[in-house]
Colleague: 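Have a look at this one before I ask anything.
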Amino acid sequence: MPKLALPRLTFWRGVLLAILAAGTYATFLRVFKGLAGSTNLTDAFPWGLWIGFDILCGVALAAGGFTISATVYIFNLEKFRPIVRPAILTAFLGYVLVVVALLFDLGRPWNVWHPLVMWNPHSVMFEVGWCVTLYTTVLALEFSPVVFERFKMTKTLHVLHVIMPILVVLGVLLSTLHQSSLGSFYLIVPTKLHALWYSPLLPVYFFLTALTLGCAMTIVESFLSHRAFGKELEMELLVPLGRVALLILGVTAVIRFADFRHRGILGLPFAPTYESRLFLAEMIIGVLAPAVLLALPKVRQHRTGLFLSALLIVMGVVMNRLNVSITGMERSSGEIYVPAFTEIAITLSVVGVGFLVFALAVKYLPVFPEHEMKDARPPVAPDALHVAAQPIRSLPMPAIAVVALAFVAAGALGADGVRRREVVPGPPAPSGTPALAAALASFEAPAEMTFPQAPDSPGPVSFRHASHVDASAPDCLACHGNSYSFLGRTEAPPAGLMHDTKHCGGCHDGTSAFSIEDDCTACHKSE
Amino acid sequence: MLNTQAKGLLLDTTRCIGCGACALACKERNGLPKTSEVVLEDKLSDKTFSTVNQVGNRYVRRMCMHCATPSCASACPVAALEKTAAGPVVYHESKCMGCRYCMIACPFGIPKYEWEKKAPLVRKCDLCADRLAKGLKTACATACPTGATTFGNRDALVLEARARFAANPGRYREHVYGFEEVGGTSVLLISDAKPEELGYPAGLDETPPPHLTWRVLNIIPDIVMTGAVLLGGIYWIRNRRDEVEAAEGHHDASTKGH
């Protein structure tokens, strides 16, 4: 009898299991307790971690797909071909997970298909919805040869091979559009997003950072694949990616400088606010430190050095997306947002599932075609983790110093930023008693009105506000809001209702005013 | 531009006595539950579409401004929010998928969400669209006893505001808030105080925020066409070399990797 072999529990598998358990519990809360019971979102802060990380970072982190497929298919740089499959797989998984995460965030996830049918071409989100749907389809098709190869479906493979250039061009266009459009989300809030991040160039920034990230993620993935699966890409492929990342980092930095100068806010990053601190931390981690590292040929060509540089870029883009969606939106909302445990658990689970599915795909599908890969080492179990060939201590001293400095500086800035975080005062608090003389002069008691008549009523009742309201201190709510409609009642009240203590009888009791028992004709006029 | 027959409201803080009639009339019309002991302490929420609060030493109303070019309607991916010719910005709840981009987009922070519900909706003032259709005033304007909330054609209300400035020299800070802000709103505000002293956002540009996104969305067809030609061209040039090489019999590069 075949024995069912349970995978051995290793440290990382344990972590993954714990995360997925927390995620399952969080999913339960999301489904049965709604958004209020599973998030710290509020009316003032309606977008949190799920949009900021799962959507904005998720889509950006999947940018390797279009960057690499364009490099190989369009620019015909054949040497990068071995990277295409893992890059496309990562992108495809990334997009599927983005959609899954979106279902958690949407208030009515069962309506997620609505943008495909109910169009609003003026909405950036409509455009992003369409692009993401189409691009996920394109990615599935781009990856499908891997599956068809597994099942040896040669005819289908041939068709796909013929249409591949069209798919790739389409994929690059769709990616360009929605990567930049995620930045365009925030163009509509010039008064709500902090000036450090609000810019008319938001779509340009989002696109350029996505490109940089596409290169960086490919490097990081290769490094991680090496550690996890013993499969890696050759350094002569990764180093040029590092150079391209450096180039785009530089271009973006120059554009940002010009943009800040043009808007006259060159001094703003140095203002003593927590936004400025977190902006500087983002710039040091995501731009300055990786640019310095990648500019040093010795670091760039060093496996660990290249990995560290790419990792810094990834962290920088994640910080950027969170700064735009959370840090930058807090001041105008008047609230400080801290994600709930459930929000974090779902986010980690989404990432965990991504790793899990990627690992399974690598195991069962020809993602890393053997003949094209440099098999660096015999495959190792994921738990037998060793740092790759070149240990960190073999990095040039200045590089280690740059990384350490970047982390220390960003950490200090971040800590100082968090310390400076404050709730911004909302509208001015009530102070003093409003002077109402001028306002009271415009008080006009509503016109005389006749109540709808009950069937057994001895005659219609007219009500004069003028004789019931003290014009010097009108108290509308003494009667309205409890028993009497503001908008007028058209149907007749039940017999006797108006005489009760909630209505006329409340005051017309013989002490405050003449009693309803006294004289019917005082109120009921004969017809 | 706003339809000249579009309805609107003129809010005048100098006429408000803080009686709370507007807020309660709003609750009555929308069938909303009581949310606080004293109506003046209500905050805008999924159960309160209109408030009157003491801000500083004045009473100030807050409600949907019913923008001429609403950010919420522009942001909504499914066109669940719509500016009608009659003036109100209305919400088609069956379309909504709950992305809450309207709440992010609104410069006044008006749309609120039913966070507690399992099938939540966005809730906000709809300028009593059904009453307007019947030729009635909004509930709040019907209830207001001082003219602090005045209902009418938006154009006429602008003139009314200026007439009040002229008739009461020194009483107002002579600025009609909402005349130009975010491209104009159907609800206008006049006061002796600056908007920020009333808790209203200040420094709003007269460019409607939706135009900021439309400028970008509008060039997408150009990007797609230029991009397709450019990428196609690069593809052709870069791959042509291989084809030529293959034809010359150096090596067959076109089948590499497949």
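Proteins get letters first, then strands, A, B, ... in listed order; numbering begins at 1 in each.
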Colleague: Taking all heavy atoms of P111(B) and all of M103(B), pick out the closest pair and write down the distance.
Modeller: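 Reported closest heavy-atom pair: O-CE, 3.4 Å.
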Colleague: Residue by residue, which of residues 170-179 of chain A have a heavy atom closer than 4.5 Å to a heavy atom belonging to chain B?
Modeller: V172(A), L173(A), L177(A)
Colleague: What part of P115(A) gets closer than 4.5 Å to chain B, counting heavy atoms only: side chain, backbone, both or neither?
Modeller: both
Colleague: Does any heavy atom of chain B fall under 4.5 Å from the side chain of V189(A), the backbone, both, or neither of them?
Modeller: side chain
Colleague: Is E82(B) in contact with chain A via its backbone, its side chain, both, or neither, using a 4.5 Å heavy-atom distance?
Modeller: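 Neither the backbone nor the side chain of E82(B) comes within 4.5 Å of chain A.
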Colleague: Measuring only between side-chain heavy atoms, which start at C-beta, is P195(B) closer than 4.5 Å to L189(B)?
Modeller: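 A side-chain contact under 4.5 Å is absent here.
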Colleague: Just by distance, no angles: are the side chains of E160(B) and T150(B) close enough, under 3.5 Å, to form a donor-acceptor pair?
Modeller: no
Colleague: Given the options L121(B), I237(B), I223(B), which has more heavy-atom pairs under 4.5 Å with chain A than any of the others?
Modeller: L121(B)
Colleague: Among W110(A), W113(A), F45(A), W130(A), which has the most heavy-atom pairs under 4.5 Å with chain B?
Modeller: W110(A)
Colleague: Do the non-hydrogen side-chain atoms of C19(B) and P145(B) ever get within less than 4.5 Å of each other?
Modeller: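 They are in contact (side-chain heavy atoms under 4.5 Å apart), so the answer is yes.
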Colleague: With under 30° as parallel and over 60° as perpendicular, where do the rings of Y186(A) and W47(A) fit, or are they tilted in between?
Modeller: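 Perpendicular, since the angle between the ring planes exceeds 60°.
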Colleague: Can you tell me which portion of V216(B) sits under 4.5 Å from chain A's heavy atoms? Options are side chain, backbone, both or neither.
Modeller: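 The answer is the side chain of V216(B).
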Colleague: What part of L231(B) gets within 4.5 angstrom of chain A, counting heavy atoms only: side chain, backbone, both, or neither?
Modeller: both
Colleague: Do you know which of L77(A), V469(A), L436(A), V31(A) has the most heavy-atom pairs under 4.5 Å to chain B?
Modeller: L436(A)
Colleague: Under 4.5 Å from any heavy atom of chain A, what part of P201(B) do you find: side chain, backbone, both or neither?
Modeller: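 No part of P201(B) comes within 4.5 Å of chain A.
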Colleague: Sort R215(B) into side chain, backbone, both or neither according to what part of it lies under 4.5 angstrom from a heavy atom of chain A.
Modeller: neither
Colleague: Taking every non-hydrogen pair under 4.5 Å, which of L487(A), V169(A), L35(A) racks up the most with chain B?
Modeller: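 If we count pairs closer than 4.5 Å to chain B, L487(A) comes out on top.
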Colleague: At a heavy-atom separation under 4.5 Å, does S94(B) approach chain A through its side chain, its backbone, both, or neither?
Modeller: backbone
Colleague: Are side-chain N/O atoms of T138(B) and R131(B) paired as donor and acceptor at under 3.5 Å?
Modeller: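 Side chains of T138(B) and R131(B): no pair found under 3.5 Å.
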Colleague: Between A143(B), A21(B), A228(B), which residue shows the highest count of heavy-atom pairs closer than 4.5 Å to chain A?
Modeller: A21(B)
Colleague: Check each atom of V122(B) against the heavy atoms of chain A and say whether the ones under 4.5 Å are side chain, backbone, both or neither.
Modeller: neither
Colleague: Using non-hydrogen atoms only, which part of A73(B) is less than 4.5 Å away from chain A: side chain, backbone, both, or neither?
Modeller: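 For A73(B), the contact with chain A is made by the backbone alone.
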Colleague: How about D42(B) and S36(B): does a side-chain donor come under 3.5 Å of a side-chain acceptor?
Modeller: yes
Colleague: Among the options R58(B), E116(B), K95(B), pick out the one with the most heavy-atom pairs lying under 4.5 Å from chain A.
Modeller: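 Of the candidates given, the most pairs with chain A belong to K95(B).
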Colleague: Below 4.5 Å, heavy-atom pairs only: which of C476(A), P121(A), P434(A) has the largest tally toward chain B?
Modeller: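 Heavy-atom pairs under 4.5 Å are most numerous for P434(A).
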Colleague: Within a strict 4.5 Å, meaning less than it, do heavy atoms of the W115(B) and P46(A) side chains meet?
Modeller: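 Yes, their side chains come closer than 4.5 Å.
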Colleague: Between the side chains of T14(B) and R164(B), is a donor N or O closer than 3.5 angstrom to an acceptor N or O?
Modeller: no
Colleague: Given heavy-atom pairs under 4.5 angstrom as the criterion, report whether the side chain, backbone, both or neither of E196(B) touches chain A.
Modeller: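 Contact with chain A is through the backbone of E196(B) alone.
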Colleague: Between F185(A) and I51(A), is any pair of side-chain heavy atoms under 4.5 Å apart?
Modeller: no
Colleague: With side chains defined as the heavy atoms from C-beta onward, is the minimum distance between S123(A) and P77(B) less than 4.5 Å?
Modeller: yes
Colleague: I need the minimum non-hydrogen distance between C22(B) and V52(B), along with the two atoms involved.
Modeller: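 So the two residues come closest at SG-CG1, 3.9 Å.
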Colleague: If you tally heavy-atom pairs under 4.5 Å against chain A, which of L44(B), T142(B), I220(B), D12(B) wins?
Modeller: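 Top count of heavy-atom pairs under 4.5 Å with chain A: I220(B).
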Colleague: Answer with side chain, backbone, both or neither: which region of E444(A) has an atom nearer than 4.5 Å to a non-hydrogen atom of chain B?
Modeller: both
Colleague: Determine whether the side chains of T48(B) and K112(B) contain a donor N or O and an acceptor N or O closer than 3.5 Å.
Modeller: no
Colleague: Looking at A439(A), P165(A), S332(A), which makes the most heavy-atom pairs under 4.5 Å with chain B?
Modeller: A439(A)
Colleague: Is S184(A) close to chain B through its backbone or its side chain, or both, or neither, when contacts mean heavy atoms under 4.5 Å?
Modeller: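 Contact with chain B is through both the backbone and side chain of S184(A).
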Colleague: For the residue pair H480(A) and Y484(A), does the interplanar ring angle fall in the parallel (under 30°), tilted (30 to 60°) or perpendicular (over 60°) class?
Modeller: perpendicular
Colleague: Could you list the residues that satisfy ring pair (Phe, Tyr, Trp, His ring centres under 6.0 Å) with H92(B), not counting sequence neighbours?
Modeller: none
Colleague: Testing D205(B), L204(B), T207(B) for side-chain contact (heavy atoms from CB on, under 4.5 Å) with V182(B), which one passes?
Modeller: L204(B)
Colleague: Under 4.5 Å, counting heavy-atom pairs only, tell me which of A429(A), G34(A), P446(A) racks up the most with chain B.
Modeller: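 The candidate making the most pairs under 4.5 Å is A429(A).
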Colleague: Decide yes or no for P107(B) and S71(B): does some side-chain heavy atom of the first lie under 4.5 Å from some side-chain heavy atom of the second?
Modeller: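 P107(B) reaches S71(B) side chain to side chain.
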Colleague: Against chain A, label C16(B) side chain, backbone, both or neither, depending on which of its atoms sit under 4.5 Å from a heavy atom there.
Modeller: backbone
Colleague: What are the two closest non-hydrogen atoms of L32(B) and D46(B), and how far apart are they?
Modeller: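 Looks like CD2-O, 4.2 Å.
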